[in-house]
2 protein chains.
Amino acid sequence: MPDQQSTLRAQRRAETQRAIQAHAVRLFTERGYDATTVNDVAEAAGVSPMTVYRHFPTKEDLVLIDQHGQLVADRIAASPATQPLVRRIGAALVESTTTLTDGRGGGDLSANGQFLLARLRLMIATPALRAKHLDNNYALQQAIVTALGDDTTDPDAAFHAHAAASACLAAMHTALVRWAEDDGRSELPDLIAKALAAAFGDDVVQARPDAP
Amino acid sequence: MPDQQSTLRAQRRAETQRAIQAHAVRLFTERGYDATTVNDVAEAAGVSPMTVYRHFPTKEDLVLIDQHGQLVADRIAASPATQPLVRRIGAALVESTTTLTDGRGGGDLSANGQFLLARLRLMIATPALRAKHLDNNYALQQAIVTALGDDTTDPDAAFHAHAAASACLAAMHTALVRWAEDDGRSELPDLIAKALAAAFGDDVVQARPDAP
DNA sequence: TACCAATCTGGTAGCGACTATCACTGAGGT
DNA sequence: ACCTCAGTGATAGTCGCTACCAGATTGGTA
């Protein structure tokens, strides 16, 4: 069999997935998350409710699906172990976010950026989405601790890593909320750096050029 | 009407509420959260399913109901505004937890402590409970920022407060998980202090006597 | 070209959380 | 003794989600 498994198959699958999610986010934004049923989304996307559940295990995943986690974990595993934990984690968060939003200067958002913003707004405003996203962050925390690769036998070291990772992710979440409140006008990586500095002190997170 | 509104009424209400929650936590621990229906809980508690929903809006609330949040917020509002944010928040978390578990020396847990531990274990092991609890922490974060009473007109100050509060709560959550893993053998307030120190550095959180 | 295997899709039936609505009981105060 | 109303219960219904089964399309093969 060819390397790419089934080019046409995967392409079609990705396309329907994208279409379903786009219609879902649109409907959720227009009518509200709770007021929109999965059947509504299926109908709008022109598929059966079954198909929606095939692509998105839960209704929340229609908004929350992303691959940010793997990016962060990879970057952490590749970072030098000599730096303090908070700096390693913080840098990975800032850098991977830079990759995601890949920076235009300071003007309007790309279409991708608009979509990200819409999803973020839903996530912040809807309790069910917010809760699940925070739990996704908790899973990401576990992945980060694993990626740090520190001595896993020492429970104190593991505890230290978990505390640092959870605090960093919390700061990042704060930055995400702020970014949404700004309607995406600020640079997200900068906001994350600022949140980390606010929580841990400017000296711990070697700030970008614009540090005071 | 008398001052205490309806002594007998409120007493009965509190009693059924306590009974329902006790049976719920017991059944969830025995059979698992997902494998136990609300009807099972109602039957065990000798009430109708309707009554369960009257006392606990959602199934998750059967485990997560607590009044820790108000305690923390009150303590923060009463703390001197001269200290750095992280220290104010951290101290409030440690102290209010001390009040909750009110310390026996180092031996067995009280019945209340055992109940707390059982709820905590369920919360950590069950995705739905974990997610909702993390969202409760998010609400607590808002309450903490309000209680800090800092300049609410300055968006940068508010951002700073949110970042600090979210990071502190994340560290506390890490301590809770560790405490459950230790089966409650450690002193929870000490663990919280250690988690704060691990995240922010020993100097920021003026440690208790046993600091290195 | 004809065939097979795997995948994608749709329909039906069902469970469980949760809500709305109505009716009944018993406590608290006049 | 009467009235009010919170607390409780039963019924029916919506919605998220999960088997289970059947048809259709695609990719590789004899």
Side-chain angles (χ1 to χ4, degrees), chain A residues 1-21 23-25 27-28 31-65 122 126-132 135, chain B residues 1-21 23-25 27-28 31-65 122 126-132 135:
Chain A
M1 63 181 142
D3 189 26
Q4 61 269 34
Q5 175 66 11
S6 50
T7 2
L8 201 151
R9 203 98 104 178
Q11 201 172 339
R12 277 173 104 75
R13 181 173 178 81
E15 176 51 28
T16 56
Q17 196 154 343
R18 199 205 56 77
I20 291 173
Q21 193 182 29
H23 283 284
V25 171
L27 288 179
F28 291 160
R31 311 182 193 171
Y33 179 79
D34 293 318
T36 308
T37 71
V38 175
N39 284 32
D40 294 339
V41 173
E43 194 176 355
V47 297
S48 80
M50 287 299 310
T51 302
V52 176
Y53 284 115
R54 291 260 163 60
H55 288 269
F56 302 89
T58 72
K59 186 183 178 185
E60 288 110 10
D61 289 319
L62 284 166
V63 177
L64 297 181
I65 287 281
L122 282 170
T126 310
L129 293 174
R130 210 173 44 215
K132 181 135 186 173
D135 194 50
Chain B
M1 66 181 138
D3 189 26
Q4 62 268 34
Q5 174 66 9
S6 49
T7 359
L8 201 152
R9 222 96 85 202
Q11 201 172 338
R12 277 174 104 75
R13 182 173 178 81
E15 175 52 27
T16 57
Q17 197 154 342
R18 201 205 53 78
I20 291 173
Q21 192 182 30
H23 283 284
V25 171
L27 288 179
F28 291 161
R31 311 183 194 169
Y33 178 81
D34 293 319
T36 308
T37 71
V38 174
N39 285 31
D40 293 339
V41 174
E43 195 176 354
V47 296
S48 81
M50 286 299 310
T51 301
V52 176
Y53 284 114
R54 291 255 164 62
H55 288 270
F56 302 89
T58 72
K59 188 183 179 185
E60 288 110 8
D61 289 320
L62 284 166
V63 177
L64 297 180
I65 288 282
L122 282 170
T126 310
L129 293 174
R130 210 174 42 216
K132 180 133 185 173
D135 194 49

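All heavy atoms count here, side chains included; hydrogens, waters and symmetry mates do not. Below, chains carry the letters A, B, ... as their sequence lines are ordered, and counting in each starts from 1.
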Taking only the side-chain heavy atoms of A:Arg54 (C-beta and beyond), determine which of D:dT8, D:dG9, C:dT9 contains the nearest atom.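 It is C:dT9.
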Requiring both pairing distances under 3.5 angstrom, list the stems that contain DNA chain C and are made of three or more consecutive Watson-Crick or G-U pairs.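 For DNA chain C the paired stretches long enough to count as stems (3 pairs minimum) are C:1-27 with D:4-30.
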Without decimals, in angstroms, what is the distance between [X] [atom1] and [N] [atom2]?
X: B:Lys132; N: C:dA17; atom1: NZ; atom2: C1'; value: 12 Å
X: A:Glu15; N: C:dT9; atom1: CD; atom2: P; value: 12 Å
X: B:Arg13; N: D:dT8; atom1: CZ; atom2: P; value: 7 Å
X: A:Phe56; N: C:dC8; atom1: CZ; atom2: P; value: 14 Å
X: A:Gln17; N: C:dC8; atom1: CD; atom2: P; value: 10 Å
X: B:Gln11; N: D:dG7; atom1: CD; atom2: C1'; value: 16 Å

Give a yes or no on this: more than 12 heavy atoms of other residues, nucleotides or ligands lie within 6.0 Å of atom CD of B:Glu43.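 No - once you tally the heavy atoms of other residues, nucleotides and ligands closer than 6.0 Å, there are 12 at most.
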Do the side chain of B:Arg12 and the base of C:dG26 come within less than 3.5 angstrom through a donor-acceptor pair of N or O atoms?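 Flag unset: no donor-acceptor pair detected.
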Mind checking whether A:Val52 and A:Pro49 have side chains closer than 4.5 Å, heavy atoms only?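 Not touching, per the 4.5 Å side-chain cut-off.
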Can you tell if the side chain of B:Asp61 reaches within under 4.5 Å of the side chain of B:His55, non-hydrogen atoms only?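 Answer no - side chains too far apart.
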Considering all heavy atoms, the nearest [X]-[Y] contact:
X: A:Leu62; Y: A:Gln21; answer: O-CG, 3.0 Å
X: A:Leu27; Y: A:Ala44; answer: CD1-CB, 3.7 Å
X: A:Ala35; Y: A:Asp40; answer: O-OD2, 4.2 Å

Hey, which of A:Val38, A:Val41, A:Thr37 is the one that makes side-chain contact (heavy atoms from CB on, under 4.5 Å) with A:Lys59?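 For A:Lys59, the side-chain contact (heavy atoms from CB on, under 4.5 Å) test succeeds with only one of A:Val38, A:Val41, A:Thr37, which is A:Val38.
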Encode nucleotides 11-18 of chain D as B, S and - characters from 5' to 3', where the letter depends on protein heavy atoms closer than 4.0 Å: B to the base, S only to sugar-phosphate, - to neither. B---SSBB
Salt bridge between B:Arg12 and B:Glu15, side-chain N to carboxylate O under 4.0 Å?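 No, this pair does not count.
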Phosphate-side-chain proximity, B:His55 and D:dT8, N/O vs OP1/OP2 below 4.0 Å: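 Result: yes.
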Listed by chain and number, what are the ring pair (Phe, Tyr, Trp, His ring centres under 6.0 Å) partners of A:Tyr33, not counting sequence neighbours?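 Residues passing ring pair (Phe, Tyr, Trp, His ring centres under 6.0 Å) with A:Tyr33: A:Phe28.
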